[in-house]
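What follows is a short report on a single structure.
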Amino acid sequence: MKHGRLRFLLGALLPALVLHVLFVLSPYAQAFYLSLTDWTGVAGEAHFVGAGNYARLGGDSLFLDAVRNNAVMLVVIPLVTIGLGLFLASMLHLGGRDGRRGIAGSRVYQIVYFFPQLLSLVIVAVLWQFIYNPNNGLLNGALRAVGLGSAARSWLAEPSLALPAVMAVLVWSSVGFYMVLFSAAIDSIPKELFEAALLDGAGGWATFRNVTLPLVRDTVQVAFVYLGIVALDGFAVVQVMTVGPGGPDGATEVIGLSLYRSAFIYGKFGYASAMGVALFFATLTLAVLALRAGRKERVELA
């Protein structure tokens, strides 16, 4: 610092800024440029086509199916995962008989619920592919074992069931992490507030609605943004679990899968870049709207 504060700050920040521009901003700029070309991925020359690739997106039925499926996932996955995560975290911390401590064995349950986070998403998809197997899968086997064989289905082969089956896997693989995240947020709430609510005669739901939820609102907001990004992706699970281009009749087609197929199978890197840019702005818009909508007055503790 003896040589000047500005020189110190520049010396500390400039290397990180250069690396960020080189490895983050530069690829983004290249993707934006390629989305305006017809580059095939192997040709040395790319011809400028302007907004032609973006115009094609509006007439691509498979891409529109992907947008529809991602929109459904964007609504279902964050709501279900956050709801289950909050419920489990509340039960593990405040679900006891006196309402001041968690249910018996709560620490064991935390480990069990968090276990899916120890597995990569590809392994999770492979495991659930076996579970959904219509012939000897665990799910249909369990249904037949309890006398509900008529409910057995080809879960990943029926258009009406394929997308819900995929979303169930994404929720199952994510809920443990967000349960731990919400548990940490609940731990930071002073116990005196819960005790005061109990003394005032508030039940479990009233305590959750008026004490727990307002004080973990910021954590829920962050969770929604991250889960929204997961819902706008879904590539790995769909690629591993479903067959054909996006499952039966495009029932599980997602934008990431359309992008991958356009680039690496059909050699349309320019068109795939346009999909990537569209997905980028969709994700950015989601994050901005979620953060702006989450702006509420913070609860100040005296």
Side-chain angles (χ1 to χ4, degrees), residues 54 56-88 116 121-122 124-129 131-132 134 139 151 153-179 220-262 272 274-294:
Y54 295 98
R56 288 176 56 192
L57 292 177
D60 189 336
S61 60
L62 202 56
F63 177 77
L64 295 179
D65 287 341
V67 172
R68 180 201 63 204
N69 292 334
N70 277 119
V72 173
M73 294 167 64
L74 183 59
V75 173
V76 174
I77 291 175
L79 291 179
V80 175
T81 305
I82 290 174
L84 287 174
L86 283 172
F87 171 76
L88 294 174
L121 196 55
V122 173
V124 168
V126 171
L127 290 175
W128 277 89
Q129 190 179 36
I131 292 174
Y132 284 137
L139 180 55
R153 294 288 187 274
S154 297
W155 302 98
L156 297 175
E158 297 185 20
S160 60
L161 296 176
L163 185 61
V166 169
M167 290 191 293
V169 174
L170 288 171
V171 170
W172 179 84
S173 65
S174 302
V175 70
F177 172 81
Y178 291 97
M179 178 209 66
V220 171
Q221 176 183 339
V222 173
F224 181 83
V225 173
Y226 280 105
L227 285 167
I229 295 173
V230 170
L232 289 174
D233 181 17
F235 167 77
V237 173
V238 171
Q239 176 75 347
V240 173
M241 292 182 61
T242 62
V243 296
D249 297 332
T252 58
E253 182 75 17
V254 292
I255 298 176
L257 185 60
S258 292
L259 188 157
Y260 169 82
R261 189 169 51 248
S262 296
M275 293 183 184
V277 171
L279 181 59
F280 167 79
F281 281 109
T283 306
L284 181 63
T285 301
L286 167 69
V288 171
L289 292 178
L291 293 175
R292 289 181 63 87

Heavy-atom closest contact (G58 atom, L64 atom, distance): O-CD1, 3.5 Å
Worked check of side-chain contact (heavy atoms from CB on, under 4.5 Å) between F224 and L286: CA-CA 10 Å; F224 181 83; L286 167 69; 3.8 Å; yes
Report the relative orientation of the aromatic rings in W128 and W172; use parallel for angles under 30°, tilted for 30 to 60°, perpendicular for over 60°. perpendicular
Kindly indicate whether the side chain of V237, heavy atoms from C-beta on, has any atom under 4.5 Å from the side chain of L170. yes
Report yes if the side chains of E253 and S258 come closer than 4.5 Å at any heavy-atom pair, otherwise no. yes
Give a yes or no on this: more than 12 heavy atoms of other residues, nucleotides or ligands lie within 6.0 Å of atom CZ of F87. no
Nearest 0.5 Å, what's the OG1-OH distance between T81 and Y178? 8.0 Å
Using every non-hydrogen atom in the two residues, find where V175 and G85 come nearest and quote the distance to one decimal. CG2-N, 3.7 Å
Nearest atoms (heavy-atom pairs only) where S154 meets P134: OG-CB, 3.6 Å
Can you name the nearest heavy-atom pair linking P116 to V124, along with the distance? O-CG2, 4.3 Å
Reported CG-to-CG distance for the pair L163 and D65, which is rounded to 0.5 angstrom: 11.0 Å
Note: L227 and I82 closest approach over all heavy atoms is CD1-CG1, 3.6 Å
Within the 4.5 Å heavy-atom criterion, are V169 and Y132 side-chain neighbours or not? yes
Applying side-chain contact (heavy atoms from CB on, under 4.5 Å) to V254 and L257, what does each step give before you reach the verdict? CA-CA 5 Å; V254 292; L257 185 60; 3.8 Å; yes
Hey, mind stepping through D60 and M275 against side-chain contact (heavy atoms from CB on, under 4.5 Å) and telling me if it holds? CA-CA 11 Å; D60 189 336; M275 293 183 184; 4.2 Å; yes
Hey, does R153 have a side-chain heavy atom less than 4.5 Å from the side chain of L139? no
Please evaluate residues L74 and N70 with respect to the criterion side-chain contact (heavy atoms from CB on, under 4.5 Å), reporting the C-alpha separation (whole Å), side-chain torsions for both, the decisive distance (0.1 Å), and the verdict. CA-CA 6 Å; L74 183 59; N70 277 119; over 6 Å; no
Got more than 12 heavy atoms from elsewhere within 6.0 Å of CZ, F280? yes
Would you say the side chain of Y54 lies within less than 4.5 Å of the side chain of V277, judging by non-hydrogen atoms? yes
Out of curiosity, I255 CD1 to L62 CG, how far, rounded to the nearest 0.5 Å? 11.5 Å
Side-chain contact, heavy-atom cut-off 4.5 Å: V126 with M241? no
Any donor-acceptor pair under 3.5 Å linking the side chain of N69 with the backbone of A251? yes
In Å and rounded to the nearest 0.5 Å, what is the CG to CD distance from D249 to E158? 11.5 Å
May I ask you to test the Q129-T242 pair for a side-chain heavy-atom distance under 4.5 Å? no
Restricting to non-hydrogen atoms, name the atom on R68 and the atom on G250 that form the minimum distance, rounded to 0.1 Å. NH2-O, 4.0 Å
